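Data block below; observations after.
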Amino acid sequence: MFESNSYTTVDRLSVPAGRLSFLKKFRFYKIFIKMVFRARKGAIDGKGTGYIASVCENVITLCESVGGKVQIEGLDNLRKVPGSVVIAANHMSTLETIMFPAILEGIKEQTYVVKRSLVEGRIFGPVMRLYDPIALDRKEPRVDLMKVLADGTAALQTGKSVVLFPQGTRMKDFDPTTFNSLAVKLAKRAGVPVVPCAIKTDFWENGKAVSTIGDIYPERTIHFSFGEPVVIDGAGKKEQSQIVGYIDTMFKGWLQENK
(Lines give C-alpha, C1' and ligand atoms only; values in the text may rest on other atoms or scores of the structure.)
Protein backbone atom coordinates (compact mmCIF):
# COMPACT_ATOMS: atom_id res chain seq x y z
CA MET A 1 0.00 0.00 0.00
CA PHE A 2 2.87 2.42 0.77
CA GLU A 3 5.57 1.52 -1.74
CA SER A 4 5.92 4.95 -3.41
CA ASN A 5 6.61 8.43 -2.06
CA SER A 6 2.93 9.15 -1.44
CA TYR A 7 -0.47 7.52 -1.11
CA THR A 8 -3.90 8.97 -1.75
CA THR A 9 -7.23 7.20 -1.49
CA VAL A 10 -8.68 6.47 -4.93
CA ASP A 11 -12.42 6.70 -5.63
CA ARG A 12 -13.40 8.34 -2.37
CA LEU A 13 -17.05 7.80 -1.48
CA SER A 14 -19.33 10.81 -1.53
CA VAL A 15 -20.27 11.52 2.07
CA PRO A 16 -22.34 14.24 3.74
CA ALA A 17 -20.72 16.56 6.26
CA GLY A 18 -20.95 15.52 9.89
CA ARG A 19 -20.29 12.44 11.95
CA LEU A 20 -21.33 8.90 11.17
CA SER A 21 -24.83 7.96 12.26
CA PHE A 22 -25.10 5.81 15.36
CA LEU A 23 -25.81 2.68 13.34
CA LYS A 24 -22.89 3.19 10.93
CA LYS A 25 -20.61 4.06 13.83
CA PHE A 26 -21.67 0.88 15.61
CA ARG A 27 -20.86 -1.19 12.52
CA PHE A 28 -17.53 0.58 12.13
CA TYR A 29 -16.43 -0.20 15.68
CA LYS A 30 -17.79 -3.73 15.52
CA ILE A 31 -15.44 -4.43 12.61
CA PHE A 32 -12.59 -2.50 14.23
CA ILE A 33 -12.84 -4.46 17.48
CA LYS A 34 -12.69 -7.72 15.54
CA MET A 35 -9.51 -6.46 13.89
CA VAL A 36 -8.03 -5.55 17.27
CA PHE A 37 -8.59 -9.07 18.59
CA ARG A 38 -7.23 -10.52 15.35
CA ALA A 39 -4.04 -8.53 15.86
CA ARG A 40 -3.87 -9.56 19.50
CA LYS A 41 -4.22 -13.24 18.64
CA GLY A 42 -1.62 -12.92 15.90
CA ALA A 43 0.81 -11.33 18.34
CA ILE A 44 0.25 -14.08 20.91
CA ASP A 45 0.69 -16.71 18.21
CA GLY A 46 4.04 -15.18 17.25
CA LYS A 47 3.07 -13.97 13.77
CA GLY A 48 5.32 -10.91 14.00
CA THR A 49 5.11 -7.26 13.03
CA GLY A 50 4.40 -7.99 9.35
CA TYR A 51 1.10 -9.54 10.34
CA ILE A 52 0.27 -6.61 12.61
CA ALA A 53 1.01 -4.22 9.75
CA SER A 54 -1.42 -6.09 7.50
CA VAL A 55 -4.18 -5.80 10.12
CA CYS A 56 -3.42 -2.08 10.47
CA GLU A 57 -3.75 -1.73 6.69
CA ASN A 58 -7.18 -3.31 7.00
CA VAL A 59 -8.16 -0.65 9.54
CA ILE A 60 -7.10 2.03 7.05
CA THR A 61 -9.24 0.33 4.41
CA LEU A 62 -12.11 0.30 6.92
CA CYS A 63 -11.78 4.08 7.27
CA GLU A 64 -11.89 4.41 3.49
CA SER A 65 -14.96 2.17 3.31
CA VAL A 66 -17.04 4.75 5.19
CA GLY A 67 -15.85 7.63 3.01
CA GLY A 68 -12.55 8.52 4.64
CA LYS A 69 -9.73 9.84 2.47
CA VAL A 70 -6.11 9.04 3.35
CA GLN A 71 -3.33 11.28 2.08
CA ILE A 72 0.29 10.40 2.92
CA GLU A 73 3.35 12.18 1.52
CA GLY A 74 7.09 12.33 2.00
CA LEU A 75 7.79 8.62 2.46
CA ASP A 76 11.01 8.99 0.48
CA ASN A 77 12.27 11.24 3.28
CA LEU A 78 12.35 8.09 5.41
CA ARG A 79 13.96 6.00 2.70
CA LYS A 80 16.76 8.47 1.97
CA VAL A 81 18.28 7.79 5.40
CA PRO A 82 19.96 4.36 5.20
CA GLY A 83 19.88 3.75 8.93
CA SER A 84 17.59 4.52 11.83
CA VAL A 85 15.88 7.84 12.53
CA VAL A 86 13.81 9.49 15.23
CA ILE A 87 10.30 10.20 13.97
CA ALA A 88 8.74 13.13 15.83
CA ALA A 89 5.00 13.58 15.29
CA ASN A 90 2.15 15.56 16.72
CA HIS A 91 -0.56 13.48 18.38
CA MET A 92 -4.29 13.81 17.66
CA SER A 93 -6.12 10.50 18.00
CA THR A 94 -6.04 6.72 18.10
CA LEU A 95 -5.69 6.58 14.34
CA GLU A 96 -2.02 7.53 13.99
CA THR A 97 -0.97 4.83 16.44
CA ILE A 98 -2.77 2.32 14.22
CA MET A 99 -1.46 3.71 10.94
CA PHE A 100 2.25 3.97 11.81
CA PRO A 101 2.92 0.19 11.83
CA ALA A 102 1.31 -0.13 8.39
CA ILE A 103 3.14 2.89 6.93
CA LEU A 104 6.57 2.03 8.31
CA GLU A 105 6.57 -1.72 7.68
CA GLY A 106 9.08 -2.41 4.93
CA ILE A 107 10.59 1.07 5.23
CA LYS A 108 11.95 1.21 8.79
CA GLU A 109 12.11 -1.30 11.60
CA GLN A 110 10.45 0.58 14.41
CA THR A 111 9.77 0.94 18.11
CA TYR A 112 7.63 3.39 20.04
CA VAL A 113 7.72 5.55 23.14
CA VAL A 114 4.45 4.81 24.93
CA LYS A 115 2.88 4.84 28.38
CA ARG A 116 3.46 1.67 30.38
CA SER A 117 -0.24 0.93 30.86
CA LEU A 118 -0.59 0.42 27.10
CA VAL A 119 2.22 -2.13 27.07
CA GLU A 120 0.88 -4.01 30.08
CA GLY A 121 -2.79 -3.95 29.02
CA ARG A 122 -4.53 -7.23 28.18
CA ILE A 123 -5.89 -6.06 24.83
CA PHE A 124 -3.17 -3.96 23.19
CA GLY A 125 -0.28 -5.22 25.34
CA PRO A 126 0.63 -8.32 23.29
CA VAL A 127 0.71 -6.23 20.11
CA MET A 128 2.78 -3.42 21.60
CA ARG A 129 5.30 -5.82 23.11
CA LEU A 130 6.16 -7.11 19.64
CA TYR A 131 7.84 -3.76 18.99
CA ASP A 132 9.87 -3.84 22.22
CA PRO A 133 8.61 -0.34 23.10
CA ILE A 134 10.08 2.20 25.49
CA ALA A 135 7.46 2.21 28.23
CA LEU A 136 7.13 5.24 30.49
CA ASP A 137 5.40 5.51 33.87
CA ARG A 138 4.74 9.25 33.41
CA LYS A 139 5.14 9.93 37.11
CA GLU A 140 8.60 11.51 37.20
CA PRO A 141 9.52 13.48 34.05
CA ARG A 142 13.24 13.30 34.78
CA VAL A 143 13.15 9.51 35.12
CA ASP A 144 11.16 9.23 31.88
CA LEU A 145 13.63 11.50 30.07
CA MET A 146 16.63 9.40 31.11
CA LYS A 147 14.85 6.21 30.10
CA VAL A 148 14.01 7.53 26.64
CA LEU A 149 17.59 8.72 26.12
CA ALA A 150 19.10 5.44 27.30
CA ASP A 151 16.68 2.92 25.79
CA GLY A 152 16.04 5.02 22.70
CA THR A 153 19.74 5.31 21.94
CA ALA A 154 20.16 1.56 22.37
CA ALA A 155 17.28 0.89 19.97
CA LEU A 156 18.59 3.35 17.38
CA GLN A 157 22.04 1.82 17.50
CA THR A 158 20.57 -1.59 16.66
CA GLY A 159 18.88 -0.14 13.56
CA LYS A 160 15.40 0.48 14.96
CA SER A 161 13.78 3.85 14.33
CA VAL A 162 12.03 5.42 17.31
CA VAL A 163 8.57 6.96 16.94
CA LEU A 164 7.62 9.44 19.62
CA PHE A 165 5.00 12.10 20.26
CA PRO A 166 6.70 15.02 22.03
CA GLN A 167 3.34 16.51 23.03
CA GLY A 168 2.85 13.52 25.32
CA THR A 169 -0.92 13.47 24.97
CA ARG A 170 -3.54 13.74 22.23
CA MET A 171 -4.47 17.27 21.25
CA LYS A 172 -7.18 18.36 18.81
CA ASP A 173 -5.12 21.33 17.62
CA PHE A 174 -1.39 21.77 17.21
CA ASP A 175 0.17 24.07 19.81
CA PRO A 176 3.91 24.50 19.10
CA THR A 177 4.57 25.43 22.75
CA THR A 178 3.58 21.93 23.89
CA PHE A 179 5.98 20.17 21.50
CA ASN A 180 9.03 19.47 23.65
CA SER A 181 12.58 18.84 22.42
CA LEU A 182 12.80 15.17 23.42
CA ALA A 183 13.22 14.00 19.82
CA VAL A 184 16.10 16.42 19.28
CA LYS A 185 17.81 15.35 22.51
CA LEU A 186 17.51 11.67 21.61
CA ALA A 187 18.66 12.15 18.02
CA LYS A 188 21.66 14.20 19.13
CA ARG A 189 22.76 11.57 21.66
CA ALA A 190 22.37 8.70 19.16
CA GLY A 191 23.84 10.59 16.22
CA VAL A 192 20.83 10.10 13.93
CA PRO A 193 18.52 12.58 12.15
CA VAL A 194 14.97 13.51 13.10
CA VAL A 195 12.22 13.09 10.53
CA PRO A 196 9.31 15.38 11.45
CA CYS A 197 5.83 14.00 10.80
CA ALA A 198 2.81 16.26 10.62
CA ILE A 199 -0.48 14.52 11.31
CA LYS A 200 -4.16 15.43 11.08
CA THR A 201 -6.41 12.56 12.13
CA ASP A 202 -9.55 14.24 13.45
CA PHE A 203 -11.45 11.89 11.12
CA TRP A 204 -11.40 9.75 14.29
CA GLU A 205 -12.13 11.88 17.33
CA ASN A 206 -11.28 10.89 20.88
CA GLY A 207 -14.14 9.51 22.94
CA LYS A 208 -15.37 10.93 26.23
CA ALA A 209 -15.87 7.70 28.17
CA VAL A 210 -13.33 5.59 26.28
CA SER A 211 -10.67 7.58 24.45
CA THR A 212 -10.38 5.05 21.62
CA ILE A 213 -14.12 5.08 20.87
CA GLY A 214 -15.02 8.50 19.50
CA ASP A 215 -17.10 9.96 16.70
CA ILE A 216 -16.09 9.38 13.06
CA TYR A 217 -16.16 12.27 10.55
CA PRO A 218 -15.71 10.80 7.03
CA GLU A 219 -15.42 14.18 5.26
CA ARG A 220 -12.23 15.02 7.18
CA THR A 221 -9.15 13.93 5.23
CA ILE A 222 -6.58 11.85 7.13
CA HIS A 223 -3.18 13.49 6.61
CA PHE A 224 0.39 12.26 7.21
CA SER A 225 3.35 14.26 5.92
CA PHE A 226 6.98 13.30 6.53
CA GLY A 227 9.46 16.17 6.24
CA GLU A 228 13.10 16.28 5.23
CA PRO A 229 15.49 14.60 7.71
CA VAL A 230 16.92 17.12 10.19
CA VAL A 231 20.51 16.57 11.32
CA ILE A 232 21.18 17.91 14.81
CA ASP A 233 24.15 20.24 15.01
CA GLY A 234 25.10 21.98 18.23
CA ALA A 235 22.53 22.68 20.94
CA GLY A 236 19.62 21.73 18.70
CA LYS A 237 17.51 24.87 19.20
CA LYS A 238 17.54 25.74 15.51
CA GLU A 239 16.62 22.17 14.57
CA GLN A 240 13.81 22.07 17.15
CA SER A 241 12.38 25.25 15.62
CA GLN A 242 12.66 23.72 12.15
CA ILE A 243 10.83 20.55 13.20
CA VAL A 244 8.03 22.42 14.99
CA GLY A 245 7.77 24.90 12.12
CA TYR A 246 7.30 22.12 9.58
CA ILE A 247 4.47 20.50 11.54
CA ASP A 248 2.82 23.84 12.29
CA THR A 249 2.95 24.93 8.64
CA MET A 250 1.50 21.67 7.33
CA PHE A 251 -1.22 21.59 9.99
CA LYS A 252 -2.31 25.17 9.31
CA GLY A 253 -2.39 24.43 5.58
CA TRP A 254 -4.72 21.51 6.11
CA LEU A 255 -7.01 23.61 8.27
CA GLN A 256 -7.24 26.17 5.48
CA GLU A 257 -8.22 23.45 3.01
CA ASN A 258 -11.21 22.57 5.17
CA LYS A 259 -12.59 26.11 5.27
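Here the structure is a predicted model, which is why all the values come from computation and not from measurement.
- For the pair N90 and Q167, the minimum side-chain heavy-atom distance is below 4.5 Å.
- No side-chain heavy atom of V81 sits less than 4.5 Å from a side-chain heavy atom of L78.
- Remark: R79 pairs with D76 by the salt bridge (charged side-chain N to carboxylate O under 4.0 Å, His left out) rule, at least two apart or across chains.
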- Passes side chain to side chain contact (heavy atoms under 4.5 Å, CB included), I72 versus M99? Steps please. CA-CA 11 Å; I72 301 170; M99 288 183 65; 4.0 Å; yes
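- Cluster annotation: L62 is not connected to L13 through the hydrophobic network of ILVMFWY side chains, with a link wherever side-chain heavy atoms come within less than 4.5 Å.
- In this structure, D151 contributes its side chain and I134 its backbone to no donor-acceptor pair below 3.5 Å.
- Under the 4.5 Å side-chain contact rule for hydrophobic residues, Y7 and L104 share a cluster.
- Here salt bridge (Lys or Arg N to Asp or Glu O under 4.0 Å) pairs that include residues 4-27, with residues two or more places apart or in two chains, are R19-D215, K25-D215.
- Contact of the T97 side chain with the T94 side chain is registered, since non-hydrogen atoms from C-beta on lie closer than 4.5 Å.
- F100 CZ to L95 CG: the interatomic distance, rounded to the nearest 0.5 Å, is 10.5 Å.
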Using atom types as modelled, flag every donor-acceptor pair under 3.5 Å from a side chain in residues 223-239 to any protein atom, sequence neighbours excluded.
from	atom 1	to	atom 2	distance (Å)
H223	ND1	W254	NE1	3.3
S225	OG	E73	OE2	3.0
S225	OG	Y246	OH	2.6
E228	OE1	K80	NZ	2.9
E228	OE2	K80	NZ	3.3
E239	OE2	D233	N	3.1

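- By the salt bridge (charged side-chain N to carboxylate O under 4.0 Å, His left out) test, K115 pairs with no residue at all, sequence neighbours left out.
- Listed by chain and number, the residues in a ring pair (Phe, Tyr, Trp, His ring centres under 6.0 Å) with F174 are F179 (sequence neighbours excluded).
- Applying the salt bridge (Lys or Arg N to Asp or Glu O under 4.0 Å) definition to pairs two or more places apart or across chains, those involving residues 167-189 are K172-E205.
- Contact of the V86 side chain with the S161 side chain is not registered, since no non-hydrogen atoms from C-beta on lie closer than 4.5 Å.
- Ring geometry, H91 versus F165: the interplanar angle falls under 30°, so the pair is classed parallel (tilted spans 30 to 60°).
- For Y29, the side-chain hydrogen bond (donor to acceptor under 3.5 Å, both in side chains) partners two or more places apart in sequence, or in a different chain, are W204.
- Listed by first then second residue, pairs satisfying salt bridge (Lys or Arg N to Asp or Glu O under 4.0 Å) with a partner in residues 129-143 read R116-D137, not counting sequence neighbours.
- One finds the CD atom of E96 at 4.5 Å from the CD1 atom of I199 (value rounded to the nearest 0.5 Å).
- Every residue two or more places apart in sequence or in another chain was checked for a ring pair (Phe, Tyr, Trp, His ring centres under 6.0 Å) with F203, and none qualifies.
- Contact of the K200 side chain with the L255 side chain is registered, since non-hydrogen atoms from C-beta on lie closer than 4.5 Å.
- Distance CD1/I33 to CZ/F37: 7.5 Å, rounded to 0.5 Å.
- When side chains are defined from C-beta on, F32 counts as touching I98, because their heavy atoms get closer than 4.5 Å.
- Judged purely by distance below 3.5 Å, without hydrogens or angles, the side chains of Q71 and T221 never pair a donor atom with an acceptor atom.
- L136 has its side chain within reach of K147: a pair of non-hydrogen atoms, C-beta onward, lies under 4.5 Å apart.
- N206 contributes no side-chain N or O that, together with a main-chain N or O of S93, makes up a donor-acceptor pair within less than 3.5 Å.
- Every residue two or more places apart in sequence or in another chain that forms a salt bridge (charged side-chain N to carboxylate O under 4.0 Å, His left out) with D248 is listed here: K252.
- Remark: F124 engages no residue in a ring pair (Phe, Tyr, Trp, His ring centres under 6.0 Å) (not counting sequence neighbours).
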- Please walk me through it: do T9 and E64 pass side-chain hydrogen bond (donor to acceptor under 3.5 Å, both in side chains)? CA-CA 7 Å; T9 299; E64 293 175 323; 2.6 Å; yes
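- Of all non-hydrogen atoms in V66 and C63, the two that sit nearest each other are CG2-O, 3.2 Å.
- Residue G152 comes nearest to L186 through the heavy atom pair C-CD1, 3.7 Å, listed as atom of the first residue, atom of the second, then distance.
- Proximity of E105 to T49: side-chain heavy atoms (C-beta onward) are separated by under 4.5 Å at one or more points.
- Cluster annotation: V162 is connected to L145 through the hydrophobic network of ILVMFWY side chains, with a link wherever side-chain heavy atoms come within less than 4.5 Å.
- Between the side chain of T111 and the main chain of Y131, a donor-acceptor pair closer than 3.5 Å is present.
- Counting only residues at least two apart or in different chains, salt bridge (Lys or Arg N to Asp or Glu O under 4.0 Å) contacts with residues 39-63 comprise K41-D45.
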